[in-house]
Amino acid sequence: MGISVIGEKCTGCKKCEAACPFGQIEVIDKKAVIQEGCTLCGACHEACEVGAIEVERPILQGASDLDTYRGVFVFAEQREGELRSCTLELLGEGRKLADKLGQELAAVLLGDEVEDLCPLLVAHGADKVYLARNSNLRFYQTESYAAVLTAVISQYRPSIFLFGATTTGRDLAPRVAARVRTGLTADCTSLDIEEETGLLLQTRPAWGGNIMATIKTVNHRPQMATVRPKVMKKPEPYPDRKGKVIHIPIKVNPKGMKTTLLEVIKSREQTISLEEAEIIVSGGRGLQSAENFKVVEELAQVLAAAVGASRPVVDSGWKSHPYQVGQTGKTVQPKIYIACGISGAVQHRVGMESSETIVAINKDPDAPIMQIADYAVVGDLFQVVPELIKVIKSRTKKGESRKNLT
Amino acid sequence: MRIIVCVKQVPDIAEMEKMETDPKTGTIIREGMPAIVNPFDEYALEEAVTWKEKQEGEVIAISMGPPQAEDALVKCLSMGADRAILLSDRDFAGSDTMATTYTLARAIGEIGDFDLVLCGQQAIDGDTAQVGPMLAEHLHIPQITYVNRIEVEGKHVVATREVEDGYEVIRCRMPLLLTVVKGINVPRVPTYSSLSEAMDKEIPIWTAEDLDVERDRLGLPGSPTAVTRIWYPVPRTGGQVLTGEPPELAERVAQVLLNILQG
Ligand SMILES: Cc1cc2nc3c(=O)[nH]c(=O)nc-3n(C[C@H](O)[C@H](O)[C@H](O)COP(=O)(O)OP(=O)(O)OC[C@H]3O[C@@H](n4cnc5c(N)ncnc54)[C@H](O)[C@@H]3O)c2cc1C
Ligand SMILES: Nc1ncnc2c1ncn2[C@@H]1O[C@H](COP(=O)(O)O)[C@@H](O)[C@H]1O
């Protein structure tokens, strides 16, 4: 285990110096020299264009070493200084796993001016928060975040590391897993500890939910998994819980990175993301036109729901691709999924079948969606949906949102 | 410009409901289930071919899988790939995403220099979306995932990626790896003549022998994750059927919604 600079290859270009998030490389006499505090994060190796830096991490094969990896770590995902709700769900789940193992639960938080989030993480179950604060960590970027997490793993050796299966988690976790050479299970819907072995049991759907599989990472650490948002319950916060914040000293030089984030564009159309929505109102070819699709949007609006669509709606250009639910779109799991004018082809069903309650409005009682809906409403959507909007509106006070209904 | 596209052959789940289940075990009898090119990989291939046509260069499709995966590569050739390579060996069987990407990375190493590696967002059988980022790490190149737009500017790529609440625009010098989403393009449909031409092309099969690999990192033994149990969930069944006049239906649906939201 260790890091070495191959003298003949090193050109003294200083790219590694700029890339090291921990300030542990100095170019002296045109050769890179690694300092004591190296965390083996691998950022220099990534940045080096002549292959002069080699990082060797221990590869875990022997059972004796495995026990030295302890604790459950959770990647605390934030966007613009706000915690993603999946982070709290992960803390709730992580707490249960940590208690079963008799080990600690830690949150790993990266960002700029995010220290306010630490008490929130502790209140939701974290014993420790590892905090890397830097203005260059304000936005998620694969390179910088992967380097910090690799360093955290090398130094603190967690037994389990969990991520939300969001676009960020699914971009970051595999990069880190490959770098530390461990296993990663995608998009888990249930986690547990195997009693005899203390191993993490990671259960996930495959083939669009037609098969379930339980997966273990036996000889490698950490045991890494991404977890599907909305599946685990958010824990009750205890504001009096005590926890420790550990600062990870970090300096990120954007010049040391190969990618540049030019722009972050907020979508003005969809304010509620499909993956995190409690309610989704989805429309299909039964709507017949982009103009007609507005009725779906209006229902969504009065319910404070997100809008979804079947593939023909997207292929006809009534809605853009991020709205598509299904095999070649999003997999969603809301409390309520309302399908309007959708037949429920298998490619659509695999994306929404695990919704808690399915309401289908369709004039064809034999449509496949009607066979899986909890409430199969047989009727013309152009009559039923406007009526439904009226009823919901009448129960909502003026200017108030659905929340006031509940 | 040399572009490598990673392609996986996947079972066609549309056929799944027509499949018979084994009356004893309740498992699906998979034999004979038709296979297709992973839909997301068609977008990756289309994007590669489009850029090749604009910039000149070469598109190489590469797939790891059983011998039948050759069919997927024939389709890629018919869609405009210049050549295709199949990685197939008993020793590759049972690979998880780590072993798969290790093998793919070594094969790409054999191919030599490249500007872009393109993958689909995810494969519809495993749905992991892990192969792209892991492969990029093994190749020591940056990655941009969930890309719905690619611009090539000299030696750089400017890519737009879809995130939950919008888009991110990222610039990166080549070489790099991109995974693409559905919205990026409309894949061309092979013609009869492009298909028959593709069928005449030779698709070399590379085995572990042909790659500079550590054997213990291949296949099932080289995979850090292990599947310990597989089962088939009970399929979802229907509930209440509501019929009647629209106002009455609306009233009942509203009540259902309110009950759930208040419950
Ligand atoms: C590789 C592949 C990937 C795919 N991926 C996806 C995917 O990700 N997502 C997806 O959705 N599809 C996907 N599809 C397409 C899928 O197979 C179906 O074609 C599609 O889901 C059908 O959409 P639909 O239900 O809106 O349209 P249709 O099947 O045409 O259904 C329309 C429904 O509306 C009803 N209807 C019509 N008028 C009214 C009315 N006035 N009132 C009430 N009901 C009415 C009809 O009875 C009918 O059931 C994919 C296909 C392939 C081959
Ligand atoms: N066996 C394979 N051979 C070639 N490419 C693959 C293979 N498996 C996955 N890929 C590529 O990686 C992408 C993501 O796959 P996955 O991580 O399995 O969801 C796919 O869209 C393909 O581009």
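The chains referred to below are lettered A, B, ... by the order of the sequence lines, with proteins before strands, and numbering in each begins at 1. Predicted model only: the values in this text are computed from it and were never measured.
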Problem - Top of B:Arg252, B:Glu245, B:Gln240 for chain A proximity - count of heavy-atom pairs under 4.5 angstrom - result: B:Gln240
Problem - B:Glu168 side chain reached by A:Leu261 side chain, heavy atoms, under 4.5 Å - result: yes
Fill in the blank from the handout: Greatest number of non-hydrogen atom pairs under 4.5 angstrom with chain A, of B:Pro39, B:Gly126, B:Pro233, falls to B:Pro233
Exercise for the section: Name the region of B:Arg173, side chain, backbone, both or neither, that has any atom closer than 4.5 Å to a heavy atom of chain A. Expected result: backbone
Problem - Side-chain touch B:Gln143/A:Asp171, heavy atoms, less than 4.5 angstrom - result: yes
Completion exercise
Closest non-hydrogen atoms of B:Val256 and A:Tyr375, given as atom of the first, atom of the second and distance, are CG1-CE1, 3.5 Å
Practice task
Report the option among B:Lys182, B:His156, B:His140 that has the most heavy-atom pairs separated by less than 4.5 Å from atoms of chain A.
Solution key: B:Lys182
Fill in the blank from the handout: Comparing B:Leu257, B:Val158, B:Val10, B:Thr179 against chain A, the one with the most heavy-atom pairs below 4.5 Å turns out to be B:Leu257
Handout entry: Options A:Glu387, A:Met212, A:Gln141, ranked by heavy-atom pairs under 4.5 Å with chain B, top entry
Key = A:Met212
Problem - Part of B:Arg217 within contact of chain A (heavy atom distance under 4.5 Å) - result: side chain
Problem - Exercise: identify the closest heavy-atom pair between B:Asp127 and A:Arg204 - result: O-NH2, 3.7 Å
Problem - Partner chain B: residue of A:Val384, A:Val391, A:Asp374 with the largest heavy-atom pair count (under 4.5 Å) - result: A:Asp374
Exercise for the section: Verify side chain to side chain contact (heavy atoms under 4.5 Å, CB included) between B:Ile260 and A:Glu356, making sure each step is shown before the conclusion. Expected result: CA-CA 10 Å; B:Ile260 296 171; A:Glu356 251 173 70; 5.8 Å; no
Handout entry: Side chain, backbone, both or neither of B:Met134 within contact of chain A (heavy atoms, under 4.5 Å)
Key = both
Practice task
Using non-hydrogen atoms and a 4.5 Å limit, figure out which bit of B:Val157 sits close to chain A: side chain, backbone, both or neither.
Solution key: neither
Handout entry: Interface residue of largest heavy-atom contact number with chain B, from A:Gln383, A:Gln327, A:Lys330, under 4.5 Å
Key = A:Gln327
Handout entry: Which of B:Ile144, B:Asp96, B:Ile141, B:Leu135 touches chain A most, by non-hydrogen pairs under 4.5 Å
Key = B:Ile141
Handout entry: Nearest-0.5 Å distance that lies between atom CZ in B:Arg161 and atom OG1 in A:Thr142
Key = 6.0 Å
Problem - Most chain A-contacting option - heavy-atom pairs closer than 4.5 Å, from B:Thr228, B:Val241, B:Thr145 - result: B:Thr228
Handout entry: Under 4.5 Å from a heavy atom of chain A, the part of B:Val227 involved
Key = both
Exercise for the section: Indicate yes or no: at least one non-hydrogen side-chain atom of B:Glu137 is less than 4.5 angstrom from one of A:Glu46. Expected result: yes
Problem - Region of B:Pro142 that comes under 4.5 Å of a non-hydrogen atom in chain A - result: both
Handout entry: Note, A:Thr203 side chain near B:Trp231 side chain (heavy atom, < 4.5 Å)
Key = yes
Practice task
Just give me the residue among A:Thr260, A:Val378, A:Thr217 that pairs up with chain B most often, heavy atom to heavy atom, under 4.5 Å.
Solution key: A:Thr260
Handout entry: Heavy-atom check, side chain of A:Arg395 versus side chain of B:Gln255, under 4.5 Å
Key = yes
Handout entry: Approximate separation, where rounding is to 0.5 Å, of B:Cys172 SG and A:Leu262 CG
Key = 10.5 Å
Problem - Residue pair A:Pro322 / B:Tyr167, side-chain heavy-atom distance below 4.5 Å - result: yes
Practice task
May I ask you to decide whether B:Glu164 forms a salt bridge with A:Arg84, counting only side-chain N to carboxylate O separations under 4.0 Å?
Solution key: yes
Exercise for the section: Please report the shortest heavy-atom distance between A:Ile211 and B:Tyr232, naming the atom on each side. Expected result: CG1-CE2, 3.7 Å
Practice task
Counting only heavy atoms closer than 4.5 Å, note whether A:Gln202 contacts chain B via side chain, backbone, both or neither.
Solution key: neither
Exercise for the section: Please state whether the side chain, the backbone, both or neither of A:Ala177 comes within less than 4.5 Å of a heavy atom of chain B. Expected result: both
Exercise for the section: Could you tell me whether B:Glu151 atom CD has more than 12 heavy atoms of other residues or ligands within 6.0 Å of it? Expected result: yes
Exercise for the section: Would you mind telling me which of A:Val264, A:Val176, A:Ile336, A:Val385 has the largest number of heavy-atom pairs within less than 4.5 Å of chain B? Expected result: A:Ile336
Exercise for the section: Sort out for me which of A:Thr226, A:Asp315, A:Ile358 touches chain B most, counting heavy-atom pairs under 4.5 Å. Expected result: A:Ile358
Handout entry: Within 6.0 angstrom of A:Glu194 CD, more than 12 heavy atoms from elsewhere
Key = yes
Exercise for the section: Check whether any side-chain heavy atom of B:Thr97 sits under 4.5 Å from a side-chain heavy atom of A:Leu184, and report yes or no. Expected result: no
Practice task
Drop me the distance from A:Gln223's CD to B:Thr225's OG1, to the nearest 0.5 angstrom.
Solution key: 11.5 Å
Practice task
Against chain A, label B:Glu248 side chain, backbone, both or neither, depending on which of its atoms sit under 4.5 Å from a heavy atom there.
Solution key: neither
Handout entry: Within-4.5 Å side-chain heavy-atom neighbours: B:Val181 and A:His321
Key = yes
Practice task
Report yes or no: does A:Glu353 contribute a side-chain atom to a donor-acceptor pair with the main-chain N or O of B:Arg236 at less than 3.5 Å?
Solution key: no
